[in-house]
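As C-alpha cells, the structure follows; a few thoughts come after it.
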Protein chains: 2
Amino acid sequence: MDIRTLCLGILSLGEATGYEINKMVAEGSFSFFSQASFGSIYPALTKLTNEGLVTCRAESQQKRPDKKIYTLTKAGRETLTQELKRSPGPDRNRSDFLAALLFAEAVSPARIQDLIDDRIYEHRHKITAFESLLEEDMSVGSRFVVEYGLAMQHTALEYLKKRRRIFDSAKPERDDHKAEAKLAS
Amino acid sequence: MDIRTLCLGILSLGEATGYEINKMVAEGSFSFFSQASFGSIYPALTKLTNEGLVTCRAESQQKRPDKKIYTLTKAGRETLTQELKRSPGPDRNRSDFLAALLFAEAVSPARIQDLIDDRIYEHRHKITAFESLLEEDMSVGSRFVVEYGLAMQHTALEYLKKRRRIFDSAKPERDDHKAEAKLAS
DNA sequence: AGCAGGATATATACATATGATATAAGGGCG
DNA sequence: CGCCCTTATATCATATGTATATATCCTGCT
C-alpha cells in the first residue's frame with residue numbers, strides 16, 4: 001500500500017489535515033503497521049487533490065500557516081474500495097536491531113546485552129502506549145489491529161527477557177545484577 | 001540501516017554475489033527483518049566497490065553473465081564495525097493486511113475472513129520454512145534472530161486463529177465449516 | 001519433441017519514499 | 001530571557017522499490 005492509499009484510508013475515517021495524518025501515522029494506532037512522514041504525506045495530498053480524490057478546504061488561523069483540511073470525495077472512496085479489493089501485499093518488517101545481532105560476531109557481549117536491554121525498555125514503553133489506546137472507543141477493526149500489535153510487542157518482550165543472556169557464554173560471570181534488577185517486571 | 005550497510009554485513013559472513021545477496025534477503029534468514037531488491041543491491045555493490053569497501057572478482061561462466069564475487073575489505077569491515085556501534089534505529093513494520101482491516105468498515109465480513117484465512121495459511125508456511133532453517137548449523141546470533149522471527153510468526157498465527165470470527169457479528173450464521181475444518185491444526 | 005515457466009545472473013530507468021532542512025509563531029520551563 | 005517542543009506547511013537531495021531488459025539453462029508438462 002502506497003502513501004496515497006494510506007491517506008485515502010485515513011481520510012475515510014474522517015477529514016484531517018496533513019499534520020494530523022502525520023501524527024496518526026507516527027504515534028497513533030497506525031504506527032504499528034505503517035510509517036510515513038511529511039515528505040511523503042504532503043506531496044501525496046497535493047496529488048490526490050489534483051486528481052479529485054480528495055478536496056481541500058483552507059481554514060485561516062491567526063499568525064499560523066492556514067490549516068488545510070482534506071476530505072475524501074466520492075471518487076476517492078471508490079478508489080479506496082477498489083484498492084482494498086486487491087489482496088494485500090506481504091508484511092515487511094525492518095529491524096536494524098536484529099540485523100546488528102546477526103552481524104555482531106565481533107561486538108562484545110556486554111554491548112549486545114545493552115542493546116537488548118534498551119529494546120526491552122522500548123517494548124515496555126510501547127505496550128503501555130498501546131494499552132492506553134485501548135481505553136478509547138474504537139471500531140472493531142481498530143481494536144483488532146491494536147490488540148494484534150500488543151500481542152506482538154508482548155512476544156518480543158518476553159523473548160528478549162528470556163534470552164537476553166544468550167550471547168554471554170564467553171563471559172559467564174558478567175556483572176549485571178543492576179540490569180537484572182531493573183528488568184524484573 | 002541502509003542497503004549499503006546491509007551488504008557489508010552479509011559480506012562479513014562470507015563472500016557472495018549480488019544474486020546470492022538478493023536471495024538471502026528475499027528468502028533466507030534475513031527475510032524476516034530486512035528487504036531489498038536488485039534495484040538497490042546492485043547499485044550499492046558498485047558504489048561500495050568504488051569506495052574500496054569491497055573488492056569484486058569476476059568469474060566467467062559459459063554462456064552466462066560473469067559471476068561477480070564480492071569480498072569485504074579491511075576498510076569495509078571497519079566501516080561496518082563503526083556502523084554497528086551506533087544504536088540501531090527503531091523497527092519498522094508495514095502491513096497492508098492490517099491497514100486493510102482498519103479501513104474496511106465497508107468491506108464484507110466474508111471477504112475479511114478470507115483475508116484472515118489467507119494470512120493464517122501464509123504464517124503456517126513461514127513457520128515451516130523458519131523451522132527448517134533451524135536444522136542447519138548457525139551462529140548464536142542467527143539462531144537468536146530466526147527463533148525471534150519464529151516466535152513472532154507463532155503469535156500472529158495464534159492471534160488470527162483465535163480472533164478470526166471477530167468481524168462476523170453482523171452475520172453470525174455464516175457457512176464456513178469447510179474453512180474451519182481446513183484451519184484445524 | 002517442443003514449449004512454458006522458473007532459476008541463474010547482471011543491470012538500469014522511473015517513480016516513489018525517506019530524512020533533513022526551511023519558515024514562522026506560540027507556550028512552557030528553568 | 002533563551003531553549004526546546006508543538007503547531008503547520010513545504011521542498012530538496014538522496015535512497016529505495018518496481019518493473020523491465022538481456023541471455024541461457026533446466027525441469028516438467030503436454
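All figures in this text were calculated on a predicted structure; none of them were measured in a lab. Just the heavy atoms: all of them, side chains too, but no hydrogens, waters or symmetry mates, feed the values below. Lettering follows sequence order; numbering is per chain, from 1.
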Phosphate contact (dA11(C) OP1 or OP2) by Tyr42(B) side-chain N/O below 4.0 Å:
no
Are Arg92(A) and dT18(D) close enough that a side-chain N or O sits under 4.0 Å from OP1 or OP2?
yes
Give a yes/no answer on whether the side chain of Lys68(B) brings an N or O atom under 4.0 Å of OP1 or OP2 in dT10(C).
no
Round to the nearest Å and state the distance from Asp66(A) atom CG to dT23(C) atom C1'.
14 Å
What's Arg94(B) touching, base or sugar-phosphate or nothing? Going by heavy atoms closer than 4.0 Å.
sugar-phosphate
For Glu27(B) and dG6(C), what is the distance between atoms CD and P respectively, to the nearest whole Å?
13 Å
Between Phe38(B) and Lys47(B), which residue's closest nucleotide on DNA chain D lies nearer the 5′ terminus?
Lys47(B)
Among dG17(D), dT18(C), dT9(D), which nucleotide sits nearest the side chain of Ser40(B)?
dG17(D)
Contact class for Ala44(A) vs. all strands (heavy atom < 4.0 Å): base, sugar-phosphate, or nothing?
nothing
Distance check needed: dA8(D) C1' versus Tyr70(A) OH, whole Å only.
11 Å
Rounded to the nearest 0.5 Å, what's the gap from NZ on Lys68(A) to OG1 on Thr55(A)? Could you check?
12.5 Å
What is the separation between atom CZ on Arg4(B) and atom C1' on dA15(D), rounded to the nearest whole Å?
11 Å
Pick base, sugar-phosphate or nothing for Thr46(B), based on heavy-atom distances below 4.0 Å to the nucleic acid.
nothing
In whole angstrom, give the distance that lies between atom CD1 of Ile3(A) and atom P of dT16(D).
16 Å
Using a cut-off of strictly less than 4.0 Å, decide whether Lys23(B) has a side-chain nitrogen or oxygen near OP1 or OP2 of dA9(C).
no
The answer to which of Gly39(A) and Gly18(B) contacts DNA chain C further toward the 5' end, by nearest nucleotide, is Gly18(B)
Does one side chain, of Ser142(A) or Ser139(A), offer a donor that lies under 3.5 Å from an acceptor on the other?
yes
Nearest-Å distance, CG (Leu45(A)) to P (dA17(C))?
12 Å
Separation of atom CG in Asn22(A) from atom C1' in dA17(C), rounded to whole Å:
14 Å
When you look at Asp66(A) and Ser60(A), which way does the side-chain hydrogen bond (donor to acceptor under 3.5 Å, both in side chains) test go after all the steps?
CA-CA 4 Å; Asp66(A) 287 1; Ser60(A) 62; 5.0 Å; no
Are the side chains of Arg124(A) and Lys161(A) in contact, using a 4.5 Å heavy-atom criterion?
yes
Would you indicate, yes or no, if dT9(D) has its OP1 or OP2 atom less than 4.0 angstrom from a side-chain nitrogen or oxygen of Tyr19(A)?
no
Atom-pair distance (CZ on Arg57(B); C1' on dT10(C)), nearest Å:
17 Å
Correct closest heavy-atom pair for Leu11(A) and Ala16(A) would be CD2-N, 3.6 Å
